[in-house]
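Written out below as structure tokens is the structure these notes cover.
When a ligand or atom number is given, it counts from 1 through the structure's own listing order.
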Amino acid sequence: MPATKDYWPLVLENIRGSVKDSAYKAWFSRVEFVKTSNQGRKIILSVPNSFSKKYIESKYKQGLLDSINKYYPQVIHVDFSVEQVQDDEQFVQQTLTPTHNKPVLTPNSSKKPKLAFDVFEADSTNEVASYLPKKNINNLNPKYTFENFVVTNNNEFAANVAKAVIDQPGQIYNPVFLHSGVGLGKTHLIQAIGHKMLENNPSYNIKYIPMETFVSQFQIAVRKGEMQGFKNYYRTIDLLLIDDVQFISGKESTQNEFFHTFNSLIQSNKQIILTSDRHPSELNGVADRLISRFNSGVTVDISKPDLESRVAILNDKIERLHLPLSDFQIQSIAQKVDTNVRELEGILNKVCAKIKFSPGQNFTDSDLDGILSNSLTSKASFLPAQNPGAATERIMHAVCRYFGLDKADVLGVSRQRDISTARQIIMWFYKYDLDLSYPAIGRLFGNRDHTTVMHAANKIKKLYASDPKMKEKLEIIRTMLAKA
Ligand code: ADP
Ligand code: MG
């Protein structure tokens, strides 16, 4: 009797017969059988990277199961294990390298009849493929407008630049590079620009795209052999708003494409606005030529709001929300929450909830104290309940991403500055947010001595208290963790 895995090549053959060659090569040729479990009800397959997993799950789930069921009739559930042998960026690079004459992504020209399975495939005949939002979809969030953006002295310059750009798009400041720590209104402001420009020029092709989305779209375009469509799409935009550009770090081929998109738009006087969590010169893992482009227009930052600005922002929001807070209460929020606007909003949300769930009762100063003290001391609140292994991986991943490093770098022995800082930061998170012991942390770093870990965690702890730049970095990483 054949072993269960012996049927797998038959499944692949079946898939090969039902999807286009290009799709088979791009998505299925490297899917391998791992095992079946649950008395054959579940099949586990390995895929080379998380990108393949996501793509197969979103486009081919049912079709794949149908093919599997021809040979494994009991299977009702497909699970993927992701081999990290190759990350998405490496895959894209390999695919783009001309010396590789594997026709992995050549658009399919064979005239195979359409089979049922094809319905799971994105329509690649469409000039603008479905992973790129349609022309009239700009992704702007209606809640981010100028009307509710409070101009205070910390964002005044940014707001003025925004107004100049709206009056004369593509003429004076191009690109605009807006940077700040988290929660200080970058996303709000660039989307407000988008809304205003659309109001002034309803026929404008405006796109708001987080850089992470641009990276994925580019990777899909490469895989599907649709680079021409991708280029056309991005080079016919009138106003391009790219949020969180730091996510391009380490993605060399995306950087290359973005560089050309950027130049092409600037040359045709189309306005580009970029945001980032840091100044261009501090972007790690980004090509110099791109950094110099980022610096070639105007660079603006939004600093943290001072007390007076925080009061102004709170007043504006309180009025909109019709919250019955006294001046004293507003002052005490503004005094205690000095980090960013998102945190101020967080407190107001809690106030709202408290009022809503205690109808007929006054909102007292001690209610507010309760909210404030809980909010300011919550530890590891950025990590949803999960097993410690997943939490350590998440932290590792976020810190590496921030610094544009590989996990192997921080686990290795290099003492290069960024690498050792990243390593120390990870140790600090493990110690203070996950409560792991020094020896346990040492073991996670290839059996390092616990005194090394102690030294590292203490160093970051001190810097957190004394060095605003370090504090800001750690806060950014925290936010990345909360979003991850
Ligand atoms: P960032 O992109 O810099 O991390 P966001 O734009 O997401 O920050 O802002 C965080 C939250 O704070 C959003 O809900 C936004 O509406 C609000 N916010 C930030 N700055 C202001 C401001 N000046 N006026 C009103 N709301 C603001
Ligand atoms: Mg943002």
Side-chain angles (χ1 to χ4, degrees), residues 138-163 166 176-196 207-215 240-249 273-280 282-283 299-321 323 330 333-334 337-353 375 382 398 401-402 471-484:
N138 51 40
N139 293 330
L140 295 174
N141 184 332
K143 72 178 193 194
Y144 293 141
T145 61
F146 271 112
E147 206 260 316
N148 60 9
F149 186 80
V150 186
V151 178
T152 48
N153 53 24
N154 57 305
N155 61 28
E156 198 177 1
F157 182 47
N160 285 337
V161 168
K163 293 203 176 98
I166 292 164
V176 173
F177 192 99
L178 175 63
H179 66 98
S180 80
V182 294
L184 292 174
K186 297 181 294 296
T187 299
H188 189 143
L189 185 59
I190 65 163
Q191 296 212 19
I193 297 173
H195 284 299
K196 197 79 199 161
K207 289 279 178 281
Y208 164 83
I209 313 275
M211 184 50 98
E212 274 185 296
T213 308
F214 183 90
V215 171
L240 179 61
L241 306 165
I242 297 269
D243 209 357
D244 290 317
V245 79
Q246 71 274 5
F247 284 114
I248 205 169
S249 156
I273 307 181
L274 309 148
T275 77
S276 166
D277 65 359
R278 53 203 112 158
H279 188 273
E282 288 174 13
L283 288 166
T299 304
V300 223
D301 74 329
I302 300 182
S303 53
K304 280 191 185 177
D306 57 14
L307 182 64
E308 192 190 333
S309 306
R310 299 198 294 275
V311 171
I313 291 168
L314 283 169
N315 273 322
D316 183 89
K317 295 192 183 283
I318 284 164
E319 198 173 309
R320 287 171 198 281
L321 294 164
L323 290 178
I330 295 171
I333 301 175
V337 181
D338 63 357
T339 45
N340 61 51
V341 186
R342 189 175 290 139
E343 301 255 329
L344 291 173
E345 288 186 333
I347 300 291
L348 294 185
N349 284 338
K350 287 179 189 158
V351 172
C352 270
S375 306
F382 61 93
R401 190 159 181 182
Y402 178 88
K471 184 165 182 210
E472 168 125 41
K473 277 194 183 109
L474 297 170
E475 274 166 14
I476 290 169
I477 297 169
R478 277 230 158 99
T479 313
M480 286 164 70
L481 282 162
K483 282 196 209 153

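Using modelled atom types, no side-chain atom of Gln191 and backbone atom of Tyr144 make a donor-acceptor pair closer than 3.5 Å. Of the possible donor and acceptor atoms, one in the side chain of Asn148 sits under 3.5 Å from a partner among the backbone N and O of Lys143.
Of all atoms in ligand 1, listed by their number and element, those nearer than 4.0 Å to a heavy atom of Leu184 are 1 (P), 3 (O), 8 (O), 19 (C), 20 (N). Near Asn155, with a cut-off below 4.0 Å to any heavy atom, the atoms of ligand 1 are 23 (N). Ligand 1 places these atoms under 4.0 Å from at least one heavy atom of Thr187: 2 (O), 6 (O), 7 (O). Of all the atoms in ligand 1, the ones that sit under 4.0 Å from a non-hydrogen atom of Val182 are 4 (O). Near Lys317, with a cut-off below 4.0 Å to any heavy atom, the atoms of ligand 1 are 25 (C), 26 (N), 27 (C).
Residue-environment remark: CD (Glu308) stays at or below the threshold of 12 foreign heavy atoms within 6.0 Å. The local environment of NZ in Lys196 is sparse, with at most 12 non-hydrogen atoms from other residues, nucleotides or ligands closer than 6.0 Å.
Contact record, Phe149 with Gly185: CE1-O, 3.9 Å, taken as the closest heavy-atom pair. Closest approach of Arg278 and Leu283 over heavy atoms only: CG-CD2, 3.9 Å.
Considering backbone and side-chain N/O atoms, Phe149 never comes within less than 3.5 Å of an N/O atom of ligand 1. Close N/O approach between Ile313 and ligand 1 is not found [any backbone or side-chain N/O within under 3.5 Å]. Taking any N or O of Val341, backbone or side chain, none lies under 3.5 Å from an N or O belonging to ligand 1.
The closest approach between any non-hydrogen atom of Gln191 and ligand 1 is not below 4.0 Å.
Inspection of the Asp301 and Ser180 side chains reveals no N or O donor paired with an N or O acceptor under 3.5 Å.
Heavy atoms of Glu345 found under 4.0 angstrom from ligand 1 belong exclusively to the side chain.
The Mg ion (ligand 2) lies at 2.8 Å or more from every N, O or S atom belonging to Thr275.
Between Asn155 and Leu184 the shortest side-chain heavy-atom distance does not fall below 4.5 Å.
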